[in-house]
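These figures come from a predicted structure and were not determined experimentally.
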Amino acid sequence: MTDRDFSWLTGGLWVVLLGAYAIRVARYGGFRSERVVGVGGTVMVGENIMQATYWAIEPVVKALVRLGATPDGVTYAALVLGLGAGAALACGRFGLACLLATCSTISDILDGQVARLTNTGSNAGELLDAAVDRYTEFAFIAGFILFARGSAMQLALALGALLASFMISYASAKAEAAQVSTPRGLMRRHERATFLVLGAGLTPVLGPVIHAKWPALPTTTAFLVSLGIVGGIGNWAALQRLVRIHRALQR
């Protein structure tokens with residue numbers, strides 16, 4: 001398969017998923033996951049898309065439970081897939097990285113759902129899950145940094161997105177440690193993953209077209225746009241979180 005084929009495959013799977021969910025909504029009404037309601041949607045990633053995802057993976061969760069899969073085992077699978085996505089980006093295989101990162105992100109959802117269904121959730125499991133989130137997100141952006149190491153502009157965008165991801169996570173962790181309400185904001189983990197994976201998937205499809213029409217733009221333009229969105233909005237959101245936490249601590 002070519003790299004573009006991996007992008008089309010991933011996109012096709014999402015089209016089928018959302019189409020099937022639209023049919024379900026038309027016939028039976030929307031699916032409701034309390035987990036999604038608790039997390040909440042934003043203008044970046046709407047709650048309907050999140051509900052559709054949780055609806056689609058529900059049979060997978062039940063199958064994993066029947067097979068005896070453990071939440072930690074699914075989390076480790078997410079780690080392996082996420083590291084593979086980073087390695088694919090380092091080799092310039094953006095379409096393959098899109099598919100692997102999608103599977104890693106879905107696995108990150110599956111582990112929590114398996115834990116809830118089997119009543120095996122624990123603080124240790126949540127720690128492992130949070131650590132894997134950081135490692136996979138770092139691997140994805142670091143893979144691109146290795147690929148684009150000859151371009152200062154592309155490196156700057158990647159580092160900006162990396163800074164945003166860690167500052168948002170740091171702000172949330174700091175709020176929990178200080179026992180103040182964690183402020184909601186934009187560019188949470190699932191939103192960052194959505195934009196970065198989408199940018200990776202569009203790169204093999206749109207990259208050659210963009211470069212042919214505007215030679216000054218690199219073939220990685222689609223991914224650079226996603227990095228710019230994550231970095232720009234993410235760092236602003238992180239700053240807002242820190243300000244709100246600081247004000248809460250002063251009170």
Side-chain angles (χ1 to χ4, degrees), residues 6 9-42 45-88 96-140 169 172-173 176 182 188-194 196-198 201:
F6 286 113
L9 174 60
T10 308
L13 291 174
W14 279 105
V15 169
V16 171
L17 183 157
L18 295 176
Y21 184 69
I23 295 173
R24 181 249 155 77
V25 171
R27 296 187 63 180
Y28 307 109
F31 178 78
R32 179 181 173 87
S33 166
E34 294 302 326
R35 170 66 175 170
V36 172
V37 173
V39 173
T42 67
V45 177
E47 187 173 311
N48 286 336
I49 295 178
M50 297 167 64
Q51 293 286 9
T53 303
Y54 274 69
W55 169 76
I57 68 171
E58 194 173 48
V60 182
V61 173
K62 294 178 180 178
L64 288 172
V65 171
R66 285 196 295 269
L67 291 171
T70 64
D72 286 357
V74 180
T75 302
Y76 284 121
L79 175 62
V80 172
L81 290 165
L83 294 178
L96 177 58
C98 172
L99 178 60
L100 291 174
T102 298
C103 294
S104 176
T105 302
I106 295 299
S107 297
D108 184 42
I109 301 173
L110 288 171
D111 60 5
Q113 295 301 97
V114 169
R116 290 179 182 86
L117 191 60
T118 58
N119 197 29
T120 54
S122 66
N123 291 332
E126 290 183 4
L127 175 63
L128 175 64
D129 183 60
V132 167
D133 284 349
R134 303 288 80 74
Y135 278 114
T136 53
E137 193 166 12
F138 173 82
F140 198 69
S169 300
S172 298
E176 292 179 5
T182 304
R188 289 170 291 176
R189 160 69 174 156
H190 64 283
E191 294 168 325
R192 298 193 302 271
T194 298
L196 292 177
V197 171
L198 179 61

Any heavy-atom pair between the side chains of Asp133 and Asp129 that's under 4.5 Å? yes
Going by the rule ring-ring contact (aromatic ring centres under 6.0 Å, His included), which residues pair with Tyr21 if we only count those two or more places apart in sequence or in a different chain? Trp55
Are any side-chain N or O atoms of Glu191 and backbone N or O atoms of Arg188, one a donor and one an acceptor, separated by less than 3.5 Å? yes
Rounded distance (nearest 0.5 Å) linking atom CG of Asp72 with atom OG of Ser122: 6.5 Å
Any non-hydrogen side-chain atom of Leu13 less than 4.5 Å from a side-chain atom of Leu17? no
Tyr54 atom OH: more than 12 heavy-atom contacts under 6.0 Å: yes
Exam field: side chain Thr105 to backbone Ala101, donor-acceptor pair closer than 3.5 Å: yes
Side-chain contact test, heavy atoms from C-beta onward, threshold under 4.5 Å: evaluate it for Thr53 versus Trp14 and give yes or no. yes
Taking every non-hydrogen atom, the tightest pair across Gly41 and Met50: CA-SD, 4.1 Å
Which atom pair, heavy atoms only, marks the closest approach of Thr10 to Cys98? CG2-SG, 3.8 Å
In short, salt bridge (charged side-chain N to carboxylate O under 4.0 Å, His left out) pairs touching residues 29-39 with sequence neighbours left out are Arg32-Glu34
Residue set satisfying side-chain hydrogen bond (donor to acceptor under 3.5 Å, both in side chains) with Asp108, at least two apart, ordered chain then number -> none
CG of Leu18 to CD1 of Ile49: how many Å apart, nearest 0.5 Å? 6.5 Å
Report the C-alpha distance between Thr75 and Leu79 in whole Å, list the side-chain angles of each, state the deciding distance to 0.1 Å, and finish with yes or no for side-chain contact (heavy atoms from CB on, under 4.5 Å). CA-CA 6 Å; Thr75 302; Leu79 175 62; over 6 Å; no
Mind checking salt bridge (Lys or Arg N to Asp or Glu O under 4.0 Å) for Arg116 and listing every partner two or more places apart, or none if nothing turns up? none
All heavy atoms of Ser104 vs all of Ala78, minimum pair found to be OG-O, 2.7 Å
Over 12 foreign heavy atoms within 6.0 Å of CZ, Phe138: no
Sequence neighbours excluded, the answer for side-chain hydrogen bond (donor to acceptor under 3.5 Å, both in side chains) partners of Thr136 is Arg189
As a quick check of understanding, evaluate side-chain contact (heavy atoms from CB on, under 4.5 Å) for Thr70 and Val114, giving each step before the final call. CA-CA 7 Å; Thr70 64; Val114 169; over 6 Å; no
What residues, two or more places apart in sequence or in another chain, satisfy side-chain hydrogen bond (donor to acceptor under 3.5 Å, both in side chains) together with Ser33? none
Student check: side-chain heavy atoms of Ile57 and Leu110 closer than 4.5 Å: yes
Just so I know, are the side chains of Glu47 and Val39 near enough to count as touching, which here means a heavy-atom distance under 4.5 Å? no
